[in-house]
Amino acid sequence: MSVVSDIKKISVSHEEALKQNEYKQLVRSLVESKFDSAPKAFVHTYGCQGNVADGERLKGMLEEMGYSLVEELENADLILYNTCAIREHAEDRVFGNVGALKKMKYENRDMKIILCGCMMQQQHIADKIRASYPFVDIVFGTHVIHKLPEFLYRSFATGKKVYELPDNDGVIAEELPVHRDSEFKAWIPIMYGCNNFCTYCIVPYVRGRERSRDPETIVNEAKELVANGYKEITLLGQNVNSYGKYPDYGCNFAALLRRLNDIDGDFTIRFMTSHPKDCTSELLDTMAECEKVAKHLHLPFQSGNNRVLNDMNRRYTREKYLELLNYAYSVMPELSVTSDVIVGFPGETYEEFLDTVSLIKEAKFTSMYTFIYSAREGTKAAKMPDPISKEEKGKWLRELIEVQEVIAAERTASMVRKTFRVLCESISKSGLIEGRTSGNIIIEFPADASVIGSFRKVRVTESLTWILRGELAE
Ligand code: 5AD
Ligand code: SF4
């Protein structure tokens with residue numbers, strides 16, 4: 001099959017985009033007649049950066065429909081929760097927050113409550129919302145976010161509930177407006193979905209099959225961002241390393257990185273997430289050679305035990321993972337590696353867990369996201385016997401974090417008195433400027449707020465386990 005027909009198969013058609021534009025105009029006229037001034041929309045996104053990028057598109061559409069975006073929930077005329085399904089805890093938070101909206105809805109019946117994102121793509125969740133949260137107006141899944149205008153119009157026009165969770169392999173919607181949350185850091189999704197089916201993970205079920213955006217479109221989007229003064233571009237995907245496989249554009253992830261690195265301008269390129277099974281020496285060499293690519297690799301290992309890795313369907317071994325890291329450090333001695341790990345996968349024994357502890361001692365991660373296994377309905381692992389209690393798993397987790405704390409502290413201590421190029425991002429709680437090194441390590445330092453959004457040289461004066469303190473070096 002040709003690339004063109006492959007792209008056509010997965011893309012939202014131009015006609016569909018035009019249809020949604022018509023719905024936008026209809027909603028716009030409707031809200032103009034209903035409200036004295038622009039109605040307020042509160043959008044909250046849970047979960048990963050992929051969801052954040054979707055959230056920016058949902059906000060973009062709402063703005064085009066005449067809504068003004070607000071940071072406070074109170075007095076909002078529209079509340080949209082863009083949800084996450086990765087662990088039970090993420091779902092519990094959403095249920096709690098939606099429950100709290102009941103009173104608001106009964107006080108303001110014109111208010112619209114909208115739920116979308118990964119959690120809503122699951123039928124059993126949508127059923128629970130319908131049965132227990134009848135005040136929710138619109139629920140839609142991950143494959144139809146471009147239809148928000150149509151759903152909102154239907155809700156206004158009919159007053160009926162809108163539930164839309166088509167179960168398909170997923171689409172690519174290119175013609176959506178984007179409300180970027182930052183003026184100097186931008187997300188570019190480069191691929192959607194996941195084909196890996198790690199046995200614990202819900203993502204392949206709620207995000208559909210792996211599909212990559214056209215490299216030309218990505219490069220043009222990046223050029224436009226750089227021209228508009230953006231200083232950092234983060235490429236997003238569940239498994240960016242397998243970018244370009246479907247459709248096969250003849251441009252793999254390493255080639256895409258080179259094309260982006262060739263764009264003129266002073267900016268940094270980041271990416272996440274990488275899967276060890278697809279992380280090649282070609283990619284690591286490319287990272288090393290491309291001066292705009294941050295020397296940070298987020299490479300989830302999940303477990304240090306081969307039996308557990310096999311049951312997780314990760315398709316690499318502990319030895320292969322460590323070999324990969326050694327190669328990465330050999331071509332980028334300054335590389336900062338971060339990772340994800342799951343403690344208490346079904347059937348994991350304490351001895352097997354100790355292999356995870358020994359792996360982190362060897363790997364020397366800068367930091368790590370640690371999770372206790374959470375059973376997800378519909379996944380293979382959810383059917384595996386899981387005899388270890390939550391309390392016991394909690395103990396293992398604390399043991400792991402203690403070891404990592406020592407490693408992280410050694411790492412940050414080794415950075416003291418060195419100078420790093422830092423993107424200044426915000427004002428921290430302690431009133432200092434907060435920025436990030438190329439390795440994605442947070443550094444705080446005193447400076448005027450005018451530095452925010454620019455690169456500065458910062459000399460490290462102190463290390464605080466996970467983060468650094470410093471001073472401007474120029
Ligand atoms: N339970 C616990 N952690 C999970 N993750 C994914 N699914 C689960 C689950 N069912 C973690 C993995 C992944 C990260 C985004 O979330 O470590 O890399
Ligand atoms: Fe989930 Fe594995 Fe896909 Fe990551 S690679 S999204 S952990 S299935």
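Please read all numbers here as calculations on a predicted model, not as lab measurements. Ligands are counted one by one from 1 in listed order, and the atoms in each one are counted from 1 as well. We number each residue from 1, following the sequence as shown.
- Taking every non-hydrogen atom of Tyr373 and a distance limit under 4.0 Å, the qualifying atoms of ligand 1 come out as 1 (N), 2 (C).
- There is no side-chain donor-acceptor pair under 3.5 Å between Asn313 and Tyr200.
- Nearest non-hydrogen protein atom to atom 15 (C) of ligand 1 is Asp340 OD2, 3.7 Å.
- Nearest to atom 2 (C) of ligand 1 among the protein's heavy atoms is Ile372 O, 3.4 Å.
- At a cut-off of 2.8 Å, measuring from atom 3 (Fe) of ligand 2, the protein N, O or S atoms that fall short of it are Cys194 SG, waters left aside.
- In this pair, Phe253 and Phe271 present their aromatic rings perpendicular. The plane angle is above 60°, beyond the 30 to 60° band.
- Nearest heavy atoms, Gln121 versus Gly141: OE1-CA, 3.0 Å.
- Using modelled atom types, one side-chain atom of Thr83 and one backbone atom of Cys116 make a donor-acceptor pair closer than 3.5 Å.
- Contact annotation: for Glu210 versus ligand 2, there are no heavy atoms closer than 4.0 Å.
- If you check which protein heavy atom lies closest to atom 7 (S) of ligand 2, you get Tyr200 OH, 3.3 Å.
- Relative ring orientation between Phe140 and Phe151 is described as tilted, the plane-to-plane angle lying within the 30° to 60° band.
- When only non-hydrogen protein atoms are considered, atom 1 (N) of ligand 1 lies nearest to Ser374 N, 2.9 Å.
- Ring geometry, Tyr369 versus Phe371: the interplanar angle falls under 30°, so the pair is classed parallel (tilted spans 30 to 60°).
- Classified by interplanar angle (parallel below 30°, tilted 30° to 60°, perpendicular above 60°), the ring pair Phe365/Phe301 is parallel.
- Contact between Arg314 and ligand 2 is present, with at least one heavy atom of the residue lying under 4.0 Å from the ligand.
- Counting only distance, with no hydrogens or angles, the side chain of Ser132 and the backbone of Ile129 share no donor-acceptor pair below 3.5 Å.
- A salt bridge links Arg270 with Glu232; the closest basic N to acidic carboxylate O contact falls under 4.0 Å.
- Protein heavy atom in closest approach to atom 5 (N) of ligand 1: Arg87 NH1, 3.5 Å.
- The parts of Tyr200 lying near ligand 1 are both backbone and side chain, judged by heavy-atom distances below 4.0 Å.
- Residue Glu282 forms a side-chain contact (heavy atoms from CB on, under 4.5 Å) with just one option from Thr280, Leu284, Asp285, and that option is Thr280.
- Atoms of ligand 1 found under 4.0 Å from any heavy atom of Ile342, numbered from 1 in the order shown, are 3 (N), 4 (C), 5 (N), 12 (C), 17 (O).
- Residue Arg376 approaches ligand 1 through these ligand atoms, each under 4.0 Å from one of its heavy atoms: 10 (N).
- Ring centroid separation for the pair Tyr230 and Phe184 does not come in under the 6.0 Å cut-off.
- Contact annotation for Ile86 and ligand 1: heavy atoms of both the backbone and the side chain come within less than 4.0 Å of the ligand.
- With hydrogens and angles disregarded, a donor-acceptor distance shorter than 3.5 Å links the side chain of Thr142 to the backbone of Val206.
- Among all protein heavy atoms, the one lying closest to atom 17 (O) of ligand 1 is Gln302 OE1, 2.7 Å.
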